[in-house]
2 protein chains.
Amino acid sequence: MSIAVVNKNAKRGSTVKPDRESTSTPGSSSTKVAPRDRIVTTACELFRQHGIRGIGVDAIAEAASTNKMTLYRHFGSKDDLVCETLRVNSEKSGAMWADIETRFPDDAKAQLGAWVTALSDCLQREPSGCDIANAAVELKEADHPAHAVIENFKILQRGKLTDLCRRTGTQEPETLADTLLLLLEGARVSRQASGLEGPAQCFQRACRNTLTAFGVSTA
Amino acid sequence: MSIAVVNKNAKRGSTVKPDRESTSTPGSSSTKVAPRDRIVTTACELFRQHGIRGIGVDAIAEAASTNKMTLYRHFGSKDDLVCETLRVNSEKSGAMWADIETRFPDDAKAQLGAWVTALSDCLQREPSGCDIANAAVELKEADHPAHAVIENFKILQRGKLTDLCRRTGTQEPETLADTLLLLLEGARVSRQASGLEGPAQCFQRACRNTLTAFGVSTA
DNA sequence: GTCACTTGTTACCGAACGGTCACACCCATG
DNA sequence: CATGGGTGTGACCGTTCGGTAACAAGTGAC
């Protein structure tokens, strides 16, 4: 299957007590991040890079400068860790919404325009697509606990966007919101062969067109 | 990880020579499909159901009423089999294009409308999303041979759709095609929480709106 | 110092996986 | 009947994986 081997050669060569860059130095070197937080951050990154099924708990623990035992003390199973990373990603999205709202208070049209540009920037920055959507594709087991997190996020996101569209005064705010979401999901998936300019520009242009078609002038 | 176990209990219980439903009866029972074809068909289905990483070659062979050895005699590796299934899926898409063209010869607008309805029907029938796009999400290894197949398919699809849009006489046929593709990919991914009516209707409505916005009356 | 708590380390387990081997079997062709 | 190619069967190998056990080491509060 030619699985990308990320695991191999755990030990960093030297046999003497090596570079413990962040651990065991309480307040000195690098802000003393708790193991649990290091694990979550690292897991987010590695899941995005290699897929959930493509990376093992051992490799995650090692990349987080800790070990498997500590990982399993904080998370009962790999599934739990997956859920936690998805939850963190949801919170990141929530932060983006809050940022938009504070930057353009009481201006729904400007907020909607900012949403488009923010997501377009996000698309250009992270070529791996939406972590949550990717997780939904990868986890086919119907009873996987992550599906609740995914479902919850999607409902929340759609609610927020629909509400924002409604506040712009357009008719059919739900149709507009659903169209924008379809464009977003599509852009996140199809990072190949979306024209010369890439899915980010493609997404942005399609959104602008859709907004004008719905009578929303993007301020 | 709570991987869905599809493999277990290979043997059908009875120890006597059991129900060999299709094999060893040359021209009698069920049309005598060659093992290779059975494997490909079964693999397509199982990859869609469980994901490429979620199903093993053993389970595929057994579901195809054959065994692992025969599978490996026809396909050098699981990766080869994956590529073959993606190729088959590409051909199915090609058949759809041919069908549309014969049903509405020399009528680009009607063909485009038929494309929308055909894909919408397809979305409603198969809730698993696009197998090729799913494969792209699941196979993160950059050197996986399937990526060539995927890329090839996407380029082909985009070329056909762009050409069709151009023949409708609209300006910016590429932008229109890219928008429709974004909507399609999005609808295929987001089978959850796309409004009350599901992504299929959502996709269809968004496409109609987009087409009218681009001045293409869907006959 | 002592105690409780969190981490680190190592080894291990059972299962599933991709892939291979050797051998028996069937069946069509000659 | 003999031969040869495609197929079925079961065992096997090496690896990786998720998860656990047992024990040592560090750390902060009292």
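The model shown is predicted, which means the values in this text are computed figures rather than measured ones. In what follows, chains carry the letters A, B, and so on, assigned in the order in which the sequence lines appear, proteins first and then strands, with residues in each chain numbered from 1.
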Trainee: Can a side chain N or O of B:Thr66 be found less than 4.0 Å away from OP1 or OP2 on D:dT7?
Mentor: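 No, because none of the side-chain N or O atoms of B:Thr66 sits under 4.0 Å from OP1 or OP2 of D:dT7.
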
Trainee: What is the distance, to the nearest angstrom, from the CG atom on A:Asp80 to the P atom on D:dG18?
Mentor: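 Those two atoms, CG and P, are 14 Å apart.
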
Trainee: How many whole angstroms separate atom CG of A:Asp58 from atom P of C:dC13?
Mentor: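 Result: 16 Å.
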
Trainee: With a 4.0 Å cut-off, would you call A:Arg87 and A:Glu84 a salt bridge?
Mentor: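 Here A:Arg87 pairs with A:Glu84 in a salt bridge, since their nearest N and O are under 4.0 Å apart.
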
Trainee: Please report the distance, rounded to the nearest Å, between CG in A:Leu71 and P in C:dG8.
Mentor: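 Rounding to the nearest Å, CG of A:Leu71 and P of C:dG8 are 11 Å apart.
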
Trainee: To the nearest Å, how far apart are B:Ile52 CD1 and C:dG18 C1'?
Mentor: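 In whole Å, C:dG18 C1' lies 15 Å from B:Ile52 CD1.
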
Trainee: Whole angstrom is fine here: how far is it from CG in A:Leu81 over to C1' in D:dG18?
Mentor: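 Checked: the CG to C1' distance equals 12 Å.
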
Trainee: Nearest to the side chain of A:Lys68 - D:dT7, D:dG19, C:dT7?
Mentor: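 The answer is D:dG19.
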
Trainee: Is it the case that C:dG8 (base atoms only) and A:Arg73 (side chain only) share a donor and an acceptor within less than 3.5 Å, ignoring hydrogens and angles?
Mentor: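 Pair found.
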
Trainee: Looking at A:Lys78 and D:dG19, is any side-chain donor or acceptor paired with a base atom of the opposite kind under 3.5 Å?
Mentor: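 No, no donor-acceptor pair under 3.5 Å.
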
Trainee: Distance check needed: C:dG18 C1' versus B:Leu46 CG, whole Å only.
Mentor: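 After rounding, the reported distance stands at 17 Å.
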
Trainee: Got a list of side-chain donor-acceptor pairs under 3.5 Å for residues 95-102 of chain A, not counting sequence neighbours?
Mentor:
unit_1	atom_1	unit_2	atom_2	d
A:Asp99	OD2	A:Arg103	NH1	3.1
A:Thr102	OG1	A:Ala98	O	3.4
A:Thr102	OG1	A:Asp99	O	2.9

Trainee: CD of A:Glu62 versus P of D:dT16: gap in Å, rounded?
Mentor: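 That distance rounds to 13 Å.
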
Trainee: If I take atom CD1 in residue B:Ile55 and atom C1' in nucleotide C:dG18, what distance separates them, rounded to the nearest angstrom?
Mentor: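 In whole Å, C:dG18 C1' lies 14 Å from B:Ile55 CD1.
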
Trainee: How bent is the helix from C:dG1-D:dC30 to C:dG30-D:dC1, measuring the angle between the end axes built from five pairs each, rounded to 10°?
Mentor: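 If I round to tens, the end axes sit 10° apart.
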
Trainee: Taking only residues two or more places apart in sequence or in another chain, which ones pass salt bridge (Lys or Arg N to Asp or Glu O under 4.0 Å) with A:Arg208?
Mentor: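 Expected list: none.
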
Trainee: Between atom CG of A:Leu180 and atom CZ of A:Phe203, what is the distance when rounded to the nearest 0.5 Å?
Mentor: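 Reported value, rounded in 0.5 Å steps: 7.0 Å.
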
Trainee: The side chain of A:Met69 lies closest to which of these nucleotides: C:dT20, C:dT10, D:dT9?
Mentor: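 The closest nucleotide is C:dT10.
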
Trainee: Let me spell it out: for each of A:Gly76 and B:Asn67, pick the nucleotide of DNA chain D with the closest heavy atom. Which residue's pick is nearer the 5' end?
Mentor: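 Nearest nucleotide further toward 5': that of B:Asn67.
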
Trainee: Rounded to the nearest 0.5 Å, what separates atom OG1 in A:Thr210 from atom CG in B:Leu183?
Mentor: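 These two atoms lie 7.0 Å from each other.
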
Trainee: So if I take every side-chain heavy atom of A:Val57 and compare against D:dG18, C:dG18, C:dG8, which nucleotide ends up nearest?
Mentor: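 For the A:Val57 side chain, the nearest candidate turns out to be D:dG18.
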
Trainee: Regarding B:Arg205 and A:Asp178, does a basic nitrogen lie under 4.0 Å from an acidic carboxylate oxygen?
Mentor: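 Salt bridge absent between B:Arg205 and A:Asp178.
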
Trainee: Less than 4.0 angstrom between a side-chain N/O of B:Thr70 and OP1 or OP2 of D:dT7, yes or no?
Mentor: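 No, outside the criterion.
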
Trainee: When you check the gap from the basic side-chain N to the acidic O, do B:Arg53 and B:Glu141 get nearer than 4.0 Å?
Mentor: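 Looking at B:Glu141 together with B:Arg53, the answer is yes, because their closest N to O distance falls below 4.0 Å.
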
Trainee: Any side-chain N or O of B:His74 less than 4.0 Å from the OP1 or OP2 oxygen of D:dT7?
Mentor: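 Result: yes.
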
